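This is the structure I want to talk about, given as structure tokens.
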Amino acid sequence: MAAAAAAGAFSLREVLEAFQRCVTEQREVLLEPYLSGWRGLIRFLQSLGTVFSFISKDAVAKVSLLEGHCGGRQGQQYVSLQSMVRHELAAGPAALRARSDSGCRTVLRLHRALRWLQLFLEGLRSGDSRTSVVCTDAYNASLAAYHPWVVRKAATVAFCALPSRDAFLEIMNVGPREEAVAMLGEAIPYIGDVYSITQELFAQHKLLDLP
Ligand SMILES: CCCCCCCC/C=C\CCCCCCCC(=O)N[C@@H](COP(=O)(O)O)[C@H](O)/C=C/CCCCCCCCCCCCC
């Protein structure tokens, strides 16, 4: 697993472990493992070829912005999603809504994409061999509602270039196909947990529609 990371290869186990580390006993979501999970996913996306680079560039920009907050002067306020929300809301909801570089609006974009991931992995696990269909269905049920027509069009064209389910299970670097499917079953609840906690937090503070 560490060898896979050192070689820059994707390992679903690492992504799973990162999302597993995210949730504390107090049900807070830690930003450092959250971003580490995303970095692993982006590495995977980048390995799929240039047709996906407009997506990976956007994801990289969002992760970098959040890394900047975590490593910045106010870094201690960006330890968890809960502390980030408290900190950014302290200036008032209107000030937060006016910002285009806030951690909250950026996490919200990744949070919506996490729902796509959850649905996509569920589809992959269920055995449908047509990954582009699984991906399109997951996208239409999650992110698509927030994207303009041109992005939706480009995304659905790119999905046609996705590798087969078998190739996917292999690139996951988990071992035999059955183990890869079992690991999907293990990963989905952790990702779902991070998603639910974030959804509740953002709903509670009326942040689910940050522009
Ligand atoms: C074993 C299977 C593992 C699966 C691994 C999947 C790896 C996926 C990695 C990253 C997912 C991409 C995350 C994209 C975040 C998009 C955030 C977003 O919505 N951004 C839009 C809005 O941002 P603002 O303008 O408001 O700042 C932005 O307009 C988006 C632009 C790019 C297009 C986004 C399309 C998203 C499609 C998501 C599916 C990715 C398909 C990957 C296929 C494996």
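First listed ligand is number 1; within each ligand, the first listed atom is number 1. All of these numbers come straight from a predicted model, not from anything done at the bench. In what follows, every heavy atom counts, from backbone to side chain, and hydrogens, waters and symmetry copies are set aside.
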Judged on heavy-atom distance to atom 41 (C) of ligand 1, which of Phe168, Phe159, Tyr146, Phe54 sits nearest?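 Looking at heavy atoms only, Phe159 sits closest to atom 41 (C) of ligand 1.
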Does a donor on one side chain sit under 3.5 Å from an acceptor on the other, for Ser53 and Thr50?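 Absent: no donor and acceptor within the cut-off.
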Please examine the side chains of Asp193 and Arg27, heavy atoms only from C-beta on, and report whether any two atoms are closer than 4.5 Å.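 Side chain of Arg27 against side chain of Asp193, heavy atoms only: contact under 4.5 Å found.
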Report the part of Leu143 (side chain from C-beta onward, or backbone N, CA, C, O) that has a heavy atom under 4.0 Å from ligand 1; answer both or neither where that applies.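 Within the 4.0 Å criterion, Leu143 contacts ligand 1 through side-chain atoms alone.
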Side chain or backbone of Val15 under 4.0 Å from ligand 1, or both, or neither, by non-hydrogen atoms?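 For Val15, no heavy atom sits under 4.0 Å from ligand 1.
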Heavy atom of Leu184 under 4.0 Å from ligand 1?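 Leu184: no contact with ligand 1 (<4.0 Å).
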Sequence neighbours left out, what pairs pass ring-ring contact (aromatic ring centres under 6.0 Å, His included) with at least one residue falling in residues 84-107?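 Only Tyr78-His87 qualify under ring-ring contact (aromatic ring centres under 6.0 Å, His included).
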Using heavy atoms and a threshold below 4.0 Å, how should the contact between Leu169 and ligand 1 be classified: side chain, backbone, both, or neither?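 Neither; no heavy atom under 4.0 Å.
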Assess whether atom OH of Tyr190 is packed by more than 12 heavy atoms of other residues, nucleotides or ligands within 6.0 Å.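 For Tyr190, atom OH is not crowded (no more than 12 foreign heavy atoms under 6.0 Å).
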Is the contact between Arg112 and ligand 1 made by the side chain, the backbone, both, or neither, using heavy atoms and a 4.0 Å cut-off?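 Under 4.0 Å from ligand 1, Arg112 contributes no heavy atoms.
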Is it the case that more than 12 heavy atoms not belonging to Gln74 sit under 6.0 Å from its CD atom?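 Yes, CD of Gln74 has more than 12 neighbouring heavy atoms, counting only those of other groups under 6.0 Å.
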Is Asp58 touching ligand 1 with its side chain, its backbone, both, or neither, if touching means heavy atoms under 4.0 Å apart?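 Side chain only.
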For atom 6 (C) of ligand 1, which candidate among Phe120, Trp38, Trp116 holds the nearest heavy atom?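 Going through Phe120, Trp38, Trp116 one by one, Trp116 has the nearest heavy atom to atom 6 (C) of ligand 1.
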Is the closest heavy atom of Arg105 to ligand 1 under 4.0 Å?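 It does; at least one heavy atom falls under 4.0 Å.
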Can you tell me if Arg43 and Gln46 form a side-chain donor-acceptor pair at under 3.5 Å?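 Per modelled atom types, Arg43 and Gln46 side chains form no pair under 3.5 Å.
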Are Arg39 and Glu67 within salt-bridge range, i.e. N to O under 4.0 Å?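 Yes.
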Have a look at ligand 1 and work out which part of Leu162, if any, has a heavy atom under 4.0 Å from it: side chain, backbone, both or neither.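 The answer is the side chain.
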Nearest to atom 19 (O) of ligand 1 by heavy atom, Arg109, His147, His111, Met183: which?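 Among Arg109, His147, His111, Met183, the closest heavy atom to atom 19 (O) of ligand 1 belongs to His147.
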